[in-house]
Protein chains: 2
Amino acid sequence: MSSLTLKDVAKVAGVSYATVSRALSGSPEIGEKTRQRILKLCDEMGYTPNSVARSMVMKHTNIIGLILASIDNPFMSELTVHLEIYARELGYNLMVCNSSYNQKLERDVFRLLLSRKVDGIIILPISHSSDESLQSLTSQVPTVFVSENMQDLPENYISIDNTRGMKIATDYLYSLGHRKIVYLGARKNSVTHALRVEGYTSTCKKHGIEPIIIESNYPRSSHEAGYLLAREYFSKSHDETAILCASDSLAIGVMHAAYEKGIRIPEDLSLMGFDNISFASLPPINLTTINQPKQELATSAMDLLIQHINGTESGYSSKLVSPSLVIRGSCLARNKEINANGGPHA
Amino acid sequence: MSSLTLKDVAKVAGVSYATVSRALSGSPEIGEKTRQRILKLCDEMGYTPNSVARSMVMKHTNIIGLILASIDNPFMSELTVHLEIYARELGYNLMVCNSSYNQKLERDVFRLLLSRKVDGIIILPISHSSDESLQSLTSQVPTVFVSENMQDLPENYISIDNTRGMKIATDYLYSLGHRKIVYLGARKNSVTHALRVEGYTSTCKKHGIEPIIIESNYPRSSHEAGYLLAREYFSKSHDETAILCASDSLAIGVMHAAYEKGIRIPEDLSLMGFDNISFASLPPINLTTINQPKQELATSAMDLLIQHINGTESGYSSKLVSPSLVIRGSCLARNKEINANGGPHA
DNA sequence: TGAATTTGTGTAAACGTTTACGATAGCTGT
DNA sequence: ACAGCTATCGTAAACGTTTACACAAATTCA
């Protein structure tokens, strides 16, 4: 099982192993005929270069670490596909670690990746982790944050423009004739959520309507949380015509609660999500939402990280990518008799 | 940015770097007082062991490679969470590569992982890849296949019992009174699909009902494929009372096509999926299906791989884990009168 | 007490690369 | 023909560990 080394092929080629190394690495200081001969021999013998030995001397591994809460989160897994494919194009491999929504684990895996000598780390931090302990870690390796900002690290941060996204959403609902729009699922301790709420409230004020915010104390924006939140809200008096959710997952929970109450979507209630996770496009869900361009997010984050790794600090700065409206079937115009698009089941 | 080495801490500790190494590795041949002193010093200085240097001499990396079609596939991402967490418990890290449903890429990343000197590889092969080219690769490193079998590699293979799963599904539908059950989405060139089809047909024969199979020529079992397949089927005459899909994704597409045709689920038509991906439990979908125990699949695969890595061939053999029925809201009991009428929709 | 054993620590080799440096051979130009 | 180049290749050091071996000090035992 132990594989061939440079020495092995050097021996049968009758050259020194430095020559073989040069043949493989495309060095100019080697004769073209010997290079061809050696390349052919390597292929025949089935030689596979040992990249850990290479890393040892080159002092970089071409591995980048990815830390996220849980890869089965659809937003995160979509992002990861693009991250991995793009990284590979650039000559890097991805080492993925789940922090399992646990701050201690998040730091532990960070340290683990540090000892793995990854060249850089991309992290989708768990919401509440704006503590200092991560700070001391991030100074040890190029790091870029995706989606969730830490207040004090604005320079290596990629995200969509959350505020603008919620402005677009609120404007859309307003343009449909909605005047009672409730925002569901605001969470404390999250910069992302604060920015989204701001987009909503500022747009409400612009249009002279009153913002109504349902806060969430649940640790995650799951559909279970959305269900619980909405069920409680529906049990009291309510006269809103539209609900704008802080995330698609929450919106799916709201659909459930609405169905139980006999509230039809979108006929009785318009519903919007945020993120455009893959769920949202599923026919039975068919949720109008705000898209996060995952691929652009991924390549931007990777580009930024690579820049930092290569020390070309020139363009090293955070970036906000643009959200966009995705119209599906969960919203309906009010007070006008337009019955254009169908319901969530259309 | 360049981090401390053993020599650095040895220098300030006033000992040789071998001693520091021994303190860190928990070697018995070192005084307890010096060990404590050194450990404390390492902590103070912020020393991080270089695991690539360690790999160099130990001849193993404690990295295992994971190859899958696309991590945003919900089944695969759920599996990956468990794989990664369990691997980490066992002292391994995961290097994840997407093959993007591309056979050439699948082989390329395999070779890449080989040069990374991963200790083992877990692969969810793309369906048609029962070719020999992978064979020559898998002989070079411990490998276990998950979910999709290759006919000629039965020893390192973890999967659920696909046949039994479809037997359970068919039996369930039969027990609900269904006598016209169509199987939708069978795909050629896939052992998994062949096994599932067999479970279905054998159970049909057992009950004396006729198997009706809709084959799929689409490359993946996506909901788009399910929609297209079902739409075409619904456009012809049909009198089935239940559709059993080869996967949950297909079932979601069938839901869509049924809705368009005005066929209500489950009132007019019972629908079952297979896999129990996270989608299936979403309230608007609420699909009755067969569960694949992802965590058991993951730990079994990892255990098998580690066994092989450690050379303890004793228990090294493939394993079939048990599928189970998950009853949700997409199936209804059917009595014989309605069935005799030839179906609710014509 | 002296020898034998144990315990703790240092020395050095090894892992498989890359690459600076040196050496040799073949050229060039005059 | 000879100095100076260039092109090609070999030698050896380096990367940061682990660990076999050597060896000194401390302990044990007769």
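Chain naming here is simple, since letters A, B, ... match the order of the sequence lines and numbering starts at 1 in each. Note that the coordinates shown come from a computational prediction; the quantities given were computed from them, not determined experimentally.
Side-chain atoms of B:Ser3 and A:Lys117 form a donor-acceptor pair, as typed in the model, at a separation below 3.5 Å.
Distance B:Arg37 CZ to C:dT9 P: 8 Å, rounded to the nearest Å. The interatomic distance linking B:Tyr17 (OH) with D:dG16 (P) rounds to 11 Å, in whole Å. Atom-to-atom, CZ of B:Arg22 to P of D:dT18 comes out at 11 Å; the value is rounded to the nearest Å. One can place CG of A:Asn62 at 16 Å from P of C:dT17, the figure rounded to the nearest angstrom. Atom CG in B:Leu6 sits roughly 20 Å away from atom P in C:dA14 (whole-Å rounding). Rounded to a whole Å, the CZ atom of A:Arg116 is 14 Å from the P atom of D:dT17. As a whole-Å value, the separation of B:Lys7 NZ from C:dT9 P is 20 Å. Computed from coordinates, the A:Met56 CE to C:dC15 P distance equals 15 Å when rounded to whole Å.
Nearest-nucleotide mapping onto DNA chain D: of A:Ala18 and A:Glu32, the residue sitting toward the 5' end is A:Glu32. Position along DNA chain C of the nearest nucleotide to B:Thr19 versus B:Lys59 favours B:Thr19 as the more 5'-ward residue.
Proximity of A:Tyr47 to the phosphate of C:dT17: a side-chain N or O atom is located under 4.0 Å from OP1 or OP2. Side-chain N/O atoms of A:Ser16 include one lying less than 4.0 angstrom from OP1 or OP2 on D:dG10. Between A:Ser21 and the phosphate of C:dG16, there is no side-chain N or O to OP1/OP2 separation shorter than 4.0 Å. OP1 or OP2 of D:dC9 has at least one side-chain nitrogen or oxygen of A:Thr34 nearer than 4.0 Å.
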A:Asn93 and A:Arg88: side chain to side chain donor-acceptor pair (under 3.5 Å), yes or no, with the steps? CA-CA 6 Å; A:Asn93 280 107; A:Arg88 194 142 34 82; over 6 Å; no

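The closest side-chain heavy-atom distance from B:Leu41 to B:Gln36 is not below 4.5 Å.
Minimum atom distance to the side chain of B:Met58 is reached by D:dT19, of the listed D:dT8, D:dT19, D:dT17. Of the candidates C:dT17, D:dG16, D:dC9, C:dT17 carries the atom nearest the A:Asn50 side chain, counting heavy atoms from C-beta on. Among the nucleotides D:dA12, D:dT17, C:dC21, the one closest to the side chain of A:Glu29 is C:dC21.
The two residues B:Ala298 and B:Leu79 have their closest heavy-atom pair at CB-O, 4.0 Å.
A:Val15 comes within contact range of the sugar-phosphate backbone alone, with a heavy-atom separation under 4.0 Å but no base atom that close.
The structure places OG1 of A:Thr299 at 11.0 Å from CG of A:Leu304, a figure rounded to the nearest 0.5 Å.
The base of C:dG8 does not come close enough to the side chain of B:Arg35 for any donor and acceptor atom to sit less than 3.5 Å apart.
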